[in-house]
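Reading through the structure tokens given below for one structure.
Count residues from 1 along the sequence.
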Amino acid sequence: MTSDRSICNLTATTLAHAIAGGELSSRDAVEAHLARIAEQDGQLSAFVTVDAEGARRAAQVCDAAPAPIGPLHGVPIGIKDLTDTSGLATTYGSVLFRDHVPAEDDLVVARLRSAGAIILGKTNTPEFGFGAVCTNKLCGPTRNPFDTALTSGGSSGGSAVAVAAGMVPLAHGTDFGGSVRTPASFCDAASIRPTPGRIPSPRRPLGWDMLATHGFLARSVDDLKLALSVCAGGDAQDPLSAGVINDDRLVAGRRRIAVTPDFGVAPVAREVRARFAAACEALAGVADVVPSSPDCGGAIETFRTLRAAHIANSYGDMLRTRRAELTPTVIWNIEAGARLSAEDYLNAERRRTAIYRSFRELFARADFLVAPAASVFPWSNEISDVTAIDGTALETPIDYLAVTFIVSLVGFPVLTLPARRGENELPFGIQIIAPQGCESRLFAFGRAIENELSFSHRRPKLP
């Protein structure tokens, strides 16, 4: 009989095959992961809400089904608490929504359920997803399983920790400026931020907004591919989803990789640059590696403007009516957007277009672009924001995310993988970027370096 502990070490893909083949029951999988949550989450605070009874009922349905419900039949997962789940509390990390229970699933959740996935609970996030440390007035801080004094990263830190600690094999996240990629880097997980629209968001108020996407965190590339396969597909209510290119052609021969530690503009710590250089040396064993970057001049100012405008538009009314209940981070973000003019916004869109075209030019001569997945290593949970890197002050609290948010600006898909590390080194990840619609290429290359270079997850040494 497989032990509860070994069940929790299985990837989602392996677990799905074992359940479909009758080696395990859905109930076995659910109980093992609920036991891991009970054992570890008091220390780590990865979950805001755990729905043990709902998960058990769903497992019973799976086990009674005459055939697998779908590719994720019986697999336990976590859903980031920014995303609606029918009948299950969704707080958005805010006391304003402490008792909010949606009547309907978000489309991504509905597709996961239809594929047979079992939702164990909602993973922690800063209020409305804005914060460098994964904490809010309801829960947290979500602690890094490799050093519990350190942050798990914002804003999908709960999902990253749940995956890294074996509480679930697969977790949903969202990514605006790096919110699946930074926690993945900090917690030694793999992640995917797909092409915007690949996973539709039919309820998104700004239908043509491509800064934010759904994504996933897992312990293997195959799990990310599996999760995306069941959630991808157009929806008439999402105008971005209709135009997503689907380019399944794989790269033949030796790959050409452009590498950049900073896109020419992002502040990146010296220690990160050293770890990234070592990762690039390893990559040179499987690909032709050439230092190169798109022209990203003005990218930091561009993202600041667009992000601030979106936040002020979405949450400005809350600042006027419920200010005392909001976290300081959310207040700062809203106020930054309130000062912008239409000309500011359109100038930012103009610069964004130029940066996008520079990315396209680079991909005429390279198959992939590789960069660090975070500009710093995890810091203390007691420090709310990154205000300086290597002693140099940052202009705003979001500038440490430049190495990830530059990619958000242009909407290219990104796979992150843990880079090889020494026994006593903190986790660190790389971003592998491909042209729009080329997720299949990313997964094929990611699987190759996961296997050939051991760019893969290592379990934390938890009690």
Evaluate the side-chain proximity of [Y] to [X]: yes if any heavy-atom separation is below 4.5 Å, no if none is.
X      : Y      : result
Ser375 : Val268 : yes
Ile432 : Ile449 : yes
Arg420 : Phe455 : yes
Arg204 : Leu240 : yes
His457 : Val163 : no
Arg255 : Val286 : no
Leu34  : Arg56  : yes
Val50  : Leu120 : no

Could you tell me the separation between the [atom1] atom of [X] and the [atom2] atom of [Y], rounded to the nearest 0.5 Å?
X      : Y      : atom1 : atom2 : result
Leu442 : Ile192 : CG    : CD1   : 5.5 Å
Arg193 : Leu217 : CZ    : CG    : 13.0 Å
Met210 : Leu306 : CE    : CG    : 9.5 Å

Taking [X] for its side chain and [Y] for its backbone only, find out whether a donor-acceptor pair lies under 3.5 Å.
X      : Y      : result
Asn136 : Thr125 : yes
Thr14  : Leu10  : no
Ser358 : Ala354 : no
Ser86  : Asp105 : no
Asp51  : Leu88  : no
Ser156 : Ser179 : yes
Asp106 : Asp84  : no
Thr123 : Gly158 : no
Ser408 : Phe176 : yes
Asp81  : Val48  : no

Not counting sequence neighbours, which residues clear ring-ring contact (aromatic ring centres under 6.0 Å, His included) with [X]? List them please.
X      : result
Phe128 : Tyr315
Tyr400 : Trp379
Phe359 : Phe412
Phe146 : none

Trace of the salt bridge (charged side-chain N to carboxylate O under 4.0 Å, His left out) decision for Arg458 with Asp188: CA-CA 7 Å; Arg458 289 193 201 172; Asp188 213 57; 5.9 Å; no
Test side chain to side chain donor-acceptor pair (under 3.5 Å) applied to Ser293 - qualifying residues, sequence neighbours left out:
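Applying side chain to side chain donor-acceptor pair (under 3.5 Å) to Ser293 gives none.
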Checking [Y] against [X]: is there a side-chain donor and acceptor pair closer than 3.5 Å?
X      : Y      : value
Thr416 : Ser191 : yes
Thr213 : Asp175 : no
Ser159 : Lys80  : no
Ser26  : Asp63  : yes
Thr90  : Thr85  : yes

Heavy-atom pair of closest approach, residues [X] and [Y]:
X      : Y      : value
Thr135 : Gly140 : OG1-C, 3.4 Å
Pro145 : Ala164 : CG-CB, 4.0 Å
Ser25  : Ile19  : O-CG1, 4.2 Å
Ser201 : Asp238 : N-OD2, 2.7 Å
Pro141 : Ser45  : O-CB, 3.7 Å

Listing request: all side chain to side chain donor-acceptor pair (under 3.5 Å) pairs with a residue in [range], at least two apart in sequence or in separate chains.
range            : value
residues 430-443 : Arg181-Gln431, Thr195-Glu439, Arg198-Glu439, Asp247-Arg441, Asp248-Ser440, Tyr356-Gln436
residues 274-285 : none
residues 142-152 : Asn124-Thr142
residues 359-369 : Arg256-Asp367, Ser292-Arg365

So which pairs with a foot in residues 213-249 pass ring pair (Phe, Tyr, Trp, His ring centres under 6.0 Å), sequence neighbours left out?
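Sorted result for residues 213-249: His172-His214.
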- Task: Would you mind listing every ring pair (Phe, Tyr, Trp, His ring centres under 6.0 Å) that reaches into residues 241-282, with sequence neighbours excluded?
- Result: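 Listed by first then second residue: nothing to list.
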Is the number of heavy atoms from other residues, nucleotides or ligands under 6.0 Å of [X] [atom1] greater than 12?
X      : atom1 : value
Arg270 : CZ    : no
Arg203 : CZ    : yes
Glu395 : CD    : no
Glu425 : CD    : yes

For this session: Sequence neighbours left out, what passes side chain to side chain contact (heavy atoms under 4.5 Å, CB included) with Leu206? Give chain and number order.
Result: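 Side chain to side chain contact (heavy atoms under 4.5 Å, CB included) list for Leu206, sorted by chain: Asp209, His310, Asn313.
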- When you look at Glu450 and Arg447, which way does the salt bridge (charged side-chain N to carboxylate O under 4.0 Å, His left out) test go after all the steps? CA-CA 5 Å; Glu450 185 179 55; Arg447 188 183 301 110; 5.9 Å; no
**Report entry** Partner of Phe186 by side chain to side chain contact (heavy atoms under 4.5 Å, CB included), out of Leu426, Val376, Leu150
**Finding:**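 Exactly one option meets the side chain to side chain contact (heavy atoms under 4.5 Å, CB included) with Phe186, and it is Val376.
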task = From the options Arg307, Arg304, Glu301, select the one residue that forms a side chain to side chain contact (heavy atoms under 4.5 Å, CB included) with Thr396.
result =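 When side chain to side chain contact (heavy atoms under 4.5 Å, CB included) is applied between Thr396 and each of Arg307, Arg304, Glu301, only Arg304 qualifies.
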